[in-house]
Chemist: 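Right, I'll just put the structure down here and ask away after.
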There are 2 protein chains.
Amino acid sequence: MNLRERKKRRTRDALLRAALELFATRGYEETTVDDIAAAVDVSQRTFFRYFAGKEETAFFVPRLAETLVVEALRTRPPGEVPLEALRRAVLESWDAINEAVEELVPIDLHMRVYRVIESTPALLAAHLRRSAELEEQLAGIIAEREGLDVDADPRPRIVVALFGGVIRVTERLWSAGDDVTLDGMRELTTTYLDQVGPALAGNWRAEQSP
Amino acid sequence: MNLRERKKRRTRDALLRAALELFATRGYEETTVDDIAAAVDVSQRTFFRYFAGKEETAFFVPRLAETLVVEALRTRPPGEVPLEALRRAVLESWDAINEAVEELVPIDLHMRVYRVIESTPALLAAHLRRSAELEEQLAGIIAEREGLDVDADPRPRIVVALFGGVIRVTERLWSAGDDVTLDGMRELTTTYLDQVGPALAGNWRAEQSP
DNA sequence: TTGTCAATTGTCAGTGGCTGTCATTAGCCT
DNA sequence: AGGCTAATGACAGCCACTGACAATTGACAA
C-alpha cells in the first residue's frame, strides 16, 4: 500500500472514530460535520469526500456486519430449511462480525453508537431502510437455495420478512436493556426465534397457564 | 367554525394538495418547500407553521390511515386469535380509509404519492420508521386483548412483527405493480397472509411439485 | 534527483431545509 | 370603533451538502 493510500486510510479511520465518539457522547443531532472535521483537523469538504453524508459514518460498521451475514447465509448447507438457515447464519456470523469490527473501532464504542442509532429517529429510519435492503438480498439467496424465482413465489420474501421482524424486535429490546453484550444478544435471539411458532399458533390464554 | 379557522383549514389543505401534486409529478427531492409555498402564494415560513417539515406533508394521509387501522383492531371481537384479528382489522379498515382520504385529497393523487414514497429512499426510510411505531401500538393492543404484559411476554410484538413484515412486502409489490387499486391490494394481502404458514413449514421443494 | 502528471485537499460560494425574531396585518370580541 | 390576539411576512442565521477552482502533495519516469 502506497503512502498515499495509507494516508487516506488513516484519515478515513480518524474521521470515522471521531464521528462515532462524538455521536456516542454528545448525540447524533448535536454533532455537526464541522465538529467531526475539526476533531481530525481537516476541512468539512474533505469529510464529504470520504463519506457521502453524516449518516454514513454511523452505518459504516453495521454495513460490515451485513456483508458478513450475507456471506454466512451463502455458505449454509443446502439441506437446511430456510428459517433454519437464516437463524444459523445470523447466530454464527456474530463472532466474525465482532472480530472485523474490532479492527476498525473499539467494540464498546460500536455498542454505544448502536444505542444512539436506535434512539435517534433519523438514524432509526435509515437503519430500517437498510434492513429492508438487506432482507431483499437475503430473500434472493433463499430463493436461489430453493431453486425458486423470487418474483414469482412470495415465500422467500415472506420468511425473510418474518425473520427480519423478529430480529428487529430483538435488537430493540437488546439495545434498550442492560445486558448489551454479544452473549446477551445471542440468548435473546434464540429465545425469540423459538417464539415464532407459538406466536402464530392459536389461543395464547389457554397455553399460558398449563 | 370561525372565518379564521376556515381560512386556516383552507390554507393547510391547499398546501397539502399542492405538495402532493408536486411530489407526484415532479418527484419529492425535486420539489422545494419554496415551490410548495409559491404554489399556494404564502411565504415559506407559513408552510413551516402548518407542517413540521416537508416530509410531514407526504405522510399526512398515511397517518390518517394508521389511526383507522388502530381503531379497527380495538373493536375486533376478543374471540379472534391475534393474527386473525390483525388480518381482519387491516382488511376491513380499507373502506373507511378510502372514504376518509377522499375528503382530503383525490384518492388517485394519494396512490401516486404512495408510489413516490416507496421509490424515494428518504421517504421510504421515514415510512418504515412510522410503521415500526404503528407496530408498537398494535402490539400493545394485542397484549391487552390477551391479558398479557407486552414487556414480559414477547409474543405480542412477535406476531405483529411477522404481520407487519408481510404487509410491507405486500405494499412494496403492490405499489411497484400495475394493479394499483384497492381490490388489488386486498387480494395481494390475503394471498400473502395465507402464505405465512407454508413459508414457515419445512421443505418447499417437496411441496412445490405435487 | 528532478520534473511532470495526477490525486488530495482547502477555500469559497451557493442551495435547500428549517428555526428564531420582530414588525405588520387581519380577524375577533366588547 | 377600538383594543386584543392570532396569523403572516420579511429577515437573518444554522446546518447538511455540492460544485468549481486553485494550491498542495505523493507517484513515477526520465
Side-chain angles (χ1 to χ4, degrees), chain A residues 1-16 18-20 22-23 25-60 113 116-117 120-127 129-130, chain B residues 1-16 18-20 22-23 25-60 113 116-117 120-127 129-130:
Chain A
M1 234 195 340
N2 276 345
L3 166 59
R4 197 175 261 178
E5 293 291 309
R6 268 178 289 143
K7 229 176 173 179
K8 272 175 39 173
R9 171 65 59 92
R10 234 184 303 136
T11 307
R12 193 206 61 185
D13 289 356
L15 281 169
L16 183 60
L20 299 187
L22 284 166
F23 295 164
T25 57
R26 195 188 301 181
Y28 179 75
E29 317 262 22
E30 291 70 30
T31 305
T32 70
V33 174
D34 284 314
D35 290 337
I36 302 168
V40 182
D41 202 50
V42 296
S43 71
Q44 191 218 48
R45 197 66 183 84
T46 294
F47 172 90
F48 284 110
R49 289 200 177 98
Y50 283 94
F51 300 97
K54 198 170 87 167
E55 213 179 80
E56 201 178 284
T57 57
F59 292 108
F60 199 89
V113 171
V116 173
I117 290 176
T120 305
L123 289 181
L124 178 56
H127 175 59
R129 201 203 48 191
R130 296 173 56 78
Chain B
M1 234 190 348
N2 276 345
L3 166 58
R4 189 125 81 185
E5 293 292 308
R6 268 178 289 142
K7 227 173 174 180
K8 272 175 39 173
R9 171 65 59 92
R10 234 185 303 138
T11 307
R12 194 206 62 185
D13 289 356
L15 281 169
L16 183 60
L20 299 187
L22 284 166
F23 295 164
T25 57
R26 196 188 300 181
Y28 179 76
E29 317 262 20
E30 291 71 30
T31 304
T32 71
V33 173
D34 283 316
D35 291 336
I36 302 168
V40 183
D41 203 50
V42 296
S43 72
Q44 191 217 48
R45 197 65 185 84
T46 294
F47 171 90
F48 283 109
R49 289 200 176 98
Y50 282 95
F51 301 97
K54 198 169 88 164
E55 212 180 80
E56 201 178 284
T57 58
F59 291 107
F60 198 89
V113 172
V116 173
I117 291 176
T120 305
L123 289 181
L124 178 56
H127 174 59
R129 202 203 46 190
R130 297 173 54 79

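Quantities reported herein were computed from a predicted structural model and do not represent experimental measurements. By convention in this document, chain letters (A, B, ...) are assigned in the order of the sequence lines, proteins followed by strands, and residues within each chain are numbered from 1.
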Chemist: Going from CD1 on A:Ile36 to CG on A:Leu15, what distance comes out if it is rounded to the nearest 0.5 angstrom?
Modeler: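 Result: 8.0 Å between the selected atoms.
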
Chemist: Rounded to the Å, how far apart are B:Leu3 CG and D:dA7 P?
Modeler: 12 Å

Chemist: Round to the nearest Å and state the distance from A:Leu15 atom CG to C:dT8 atom P.
Modeler: 15 Å

Chemist: Just checking B:Tyr50: base, sugar-phosphate only, or nothing, at a heavy-atom cut-off of under 4.0 Å?
Modeler: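 Contact class for B:Tyr50: sugar-phosphate only.
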
Chemist: Hey, does the side-chain of B:Arg49 have a donor or acceptor N/O within less than 3.5 Å of a partner on the base of D:dG9?
Modeler: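 Checked by distance alone, the answer is yes.
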
Chemist: Kindly indicate, with the supporting measurements, whether the criterion side chain to side chain contact (heavy atoms under 4.5 Å, CB included) is fulfilled by B:Phe59 and B:Leu123.
Modeler: CA-CA 9 Å; B:Phe59 291 107; B:Leu123 289 181; 3.9 Å; yes

Chemist: When you measure from the side-chain N and O atoms of A:Lys7 to the phosphate of C:dT8, is any distance below 4.0 Å, counting only OP1 and OP2?
Modeler: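 Checking C:dT8 against A:Lys7, no side-chain N or O comes under 4.0 Å of OP1 or OP2.
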
Chemist: Between atom CE in B:Met1 and atom P in D:dA6, what is the gap in whole Å?
Modeler: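 It works out to 18 Å between those atoms.
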
Chemist: Donor-acceptor pair, distance only, cut-off 3.5 Å: does the side chain of A:Arg6 make one with the backbone of A:Asn2?
Modeler: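 Side chain of A:Arg6 to backbone of A:Asn2, a donor-acceptor pair under 3.5 Å: yes, one is there.
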
Chemist: Classify the nucleic acid contact of B:Thr46 as base, sugar-phosphate or nothing, counting any heavy atom under 4.0 Å across all strands shown.
Modeler: sugar-phosphate

Chemist: Ignoring the backbone of A:Arg4, work out which of C:dG10, C:dC18, C:dA6 is nearest its side chain.
Modeler: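 Nearest listed nucleotide: C:dA6.
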
Chemist: Indicate, yes or no, whether a donor-acceptor pair under 3.5 Å links the base of D:dG19 to the side chain of A:Arg45.
Modeler: yes

Chemist: Any chance you could measure A:Asp35, atom CG, to A:Thr32, atom OG1, to the nearest 0.5 Å?
Modeler: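 Atom-to-atom, A:Asp35:CG and A:Thr32:OG1 are 3.0 Å apart.
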
Chemist: Between C:dT8, D:dA16, C:dG17, spot the one nearest the side chain of B:Gln44, thanks.
Modeler: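 Among C:dT8, D:dA16, C:dG17, the one nearest the side chain of B:Gln44 is C:dG17.
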
Chemist: Would you kindly give the CZ-to-C1' distance between B:Phe47 and D:dA10, to the nearest whole Å?
Modeler: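 In whole Å, D:dA10 C1' lies 18 Å from B:Phe47 CZ.
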
Chemist: Measure the distance from CD on B:Glu30 to P on C:dG16 and round it to the nearest whole Å.
Modeler: 12 Å

Chemist: Closer than 4.0 Å, any side-chain N/O of B:Asn2 to the OP1 or OP2 of C:dC28?
Modeler: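 Answer is yes, contact under 4.0 Å.
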
Chemist: Between A:Phe23 and A:Lys54, is there a side-chain heavy-atom distance shorter than 4.5 Å?
Modeler: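 SC-SC contact between A:Lys54 and A:Phe23 confirmed.
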
Chemist: What is the distance, rounded to the nearest whole Å, between atom CZ of B:Arg6 and atom C1' of C:dC28?
Modeler: 13 Å

Chemist: Take the protein atom CZ of A:Phe51 and the nucleotide atom C1' of D:dT18, then report the distance between them rounded to whole Å.
Modeler: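 These atoms are roughly 18 Å apart.
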
Chemist: If you check every side-chain atom of A:Phe48, which of D:dG19, D:dA16, D:dC11 has the closest atom?
Modeler: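 Between D:dG19, D:dA16, D:dC11, the one nearest the side chain of A:Phe48 would be D:dA16.
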
Chemist: Rounding to an integer number of Å, can you tell me how far A:Arg26 CZ sits from D:dC15 P?
Modeler: 11 Å

